[in-house]
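Please read the structure below before turning to the comments.
Position 1 is the first residue of the sequence, and the numbers go up from there. This is a predicted model, so every value here is computed, not measured.
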Amino acid sequence: MKAFLKKDLDDWLKKNIPIAKVVRLPERVGLINARQEGVKASSADVIVVLDSHCEVMTDWLPPLLEPIVENPRTAVCPLIDVINSDHFGYYPQDEGGRGAFDWRFYYKRLPLRNSDIEKLPRPFENPVMNGGLFAISRTFFWELGGYDEGLKIWGGEQYDLSFKIWQCGGRLLDAPCSRVGHIFRMGGKNRPAAKNAGDFLSKNYKRVALVWMDEYIEALYKRNPRLRKVDAGDITSELQIRENLQCKPFKWFLENIAPDLVRDYPPIEPSDFANGSISSTVLANMCLDTGSREKGDIILYVCHGFGPQYFSLGYKKNIKVENEQFCWAAPRKEGTPPQIEHCHKDPGPGQIWRYDPETQQIQEKAFMRCLDVDTNARTLFMTTCDPNAKSQKWIFKNVDSALIAQMYPHI
Ligand SMILES: [Mn+2]
């Protein structure tokens, strides 16, 4: 199909990089297993794993190697810069963050600690690698069993490797002096290996959680109850590795390597002030709805109470949509509806809301406006709060009035 990957590639490598070896697999196996095959074919003391769509910058390698020379039970990641897939422009992503995750296994970033900042540009400890660009001692990689070969296609492998590195007595560092550009896909999802593979991502996540996360798997189940029923396959050999190496519990990892992860993404969140559907008191059977979009206006739709109509006013005082990644944001302009935006980690102006169980108003803090509805046009808008306006009264399905009174008496 892609002829340039066959003889053309071999010829080019022979001429330009004669030391390079190409390993061809009989079929497409996805990135996790393909990488593992690459590592198996290597013989150097240190292996470096990069995607094909990467470009390394000047002097990228020594900063990755130095910490491994100091302590071979170390994996080191470069800082990943962004190469735009449309025009190959090169941009820094940021000047470093510590990798983390939430309990739906979305990758997240935590700030550097002060002790890290003081030592910059020395490498800093990273709880979770960002994707999979890293250097590691080949011996250490295999001591850890490499990637769990039961993981398929892509997804979860960075958690698998990061957890086992930390829990089994190693360390994972980010080296700010090593910069590697990575082409980020700006759209289009062409992943042929994922075809007919079923829900491989859930299976991968469950394997990682069962092997490494101990009781914290319950936090994943709570966000994604379907995961409980997913068949993770045989994990005996992975558990054996954990046993043989006397790896530490996941709780140790959280408390010692990423205590701020638990603070920002608590495994068990404090109860919601209110959650469920939000229906109008003046328009029969009409509910607030995201229209299944990730960006845009909150709209009105016939009540059904499913996903796009599920909202939660949680302990951070933001109103989250069902997937908990997107939140209500107040429009700057009066007379326009609330918007759906990415949730801020620490909700700032525009994302702090309150439900008043007595007046039944939904209030927003920055502009001090309330949600209202035009009953003729059936459109939503934010306006000056008026406790007597019937159109500003909303029924939040489940409300913990006592908790609101105690924790959140005023906006
Ligand atoms: Mn990539």
For Arg171 and Pro67, which heavy atoms make the closest approach, and how far apart are they?
-> NH2-O, 3.0 Å
Presence of salt bridge, Glu118 and Arg113, under 4.0 angstrom | no
May I ask you to check whether Trp328 and Phe326 place their ring centres under 6.0 Å from each other?
-> no
Please report the closest heavy-atom contact between Ala209 and Leu220, naming both atoms and the distance.
-> CB-CD1, 3.6 Å
In a check of side-chain contact (heavy atoms from CB on, under 4.5 Å) between Tyr355 and each of Leu371, Ile319, Ile362, Ile278, which one passes?
-> Ile362
Side-chain ion pair, Glu66 and Arg122, N-O less than 4.0 Å | yes
Determine, for Lys164 against Asp148, whether the closest basic-nitrogen to carboxylate-oxygen distance falls under 4.0 angstrom.
-> no
In this structure, which one of Asn33, Ile32, Leu31 forms a side-chain contact (heavy atoms from CB on, under 4.5 Å) with Lys152?
-> Asn33
Do Asn244 and Gln240 have a side chain donor and acceptor closer than 3.5 Å?
-> yes
Just checking, is any N or O donor in the side chain of Asp51 or His182 under 3.5 Å from an acceptor N or O on the other one?
-> yes
Lys316 bridged to Glu269 by N-O distance under 4.0 Å | no
Decide yes or no on side-chain hydrogen bond (donor to acceptor under 3.5 Å, both in side chains) for Asp160 and Tyr147, but give the supporting numbers first.
-> CA-CA 7 Å; Asp160 173 63; Tyr147 282 123; over 6 Å; no
Using the six-membered ring wherever Trp is involved, compare the ring planes of Tyr91 and His87 and label them parallel, tilted or perpendicular (cut-offs 30° and 60°).
-> perpendicular
Knowing that exactly one of Asn130, Asn126, Asp174, Asp260 qualifies, which makes a side chain to side chain donor-acceptor pair (under 3.5 Å) with Arg98?
-> Asp260
Ion pair check, Arg223 and Asp102, cut-off under 4.0 Å | no
Residues Leu64, Val46; criterion side-chain contact (heavy atoms from CB on, under 4.5 Å); working and verdict = CA-CA 10 Å; Leu64 296 183; Val46 173; over 6 Å; no
When you check the gap from the basic side-chain N to the acidic O, do Lys108 and Asp264 get nearer than 4.0 Å?
-> no
Lys/Arg-Asp/Glu bridge criterion (N-O < 4.0 Å) met for Glu95, Arg179 | yes
Given the rule in the salt bridge (Lys or Arg N to Asp or Glu O under 4.0 Å) test, do Glu143 and Arg73 qualify, once you have shown the distances and angles that lead to the verdict?
-> CA-CA 10 Å; Glu143 188 184 314; Arg73 300 180 69 82; 2.4 Å; yes
Backbone of Ser277 reached by a side-chain donor or acceptor of Gln309 within 3.5 Å | no
Only one of Tyr159, Phe163, Trp166 clears ring pair (Phe, Tyr, Trp, His ring centres under 6.0 Å) with Phe250; which?
-> Phe163
Should we count CG of Leu283 as having more than 12 external heavy atoms under 6.0 Å?
-> yes
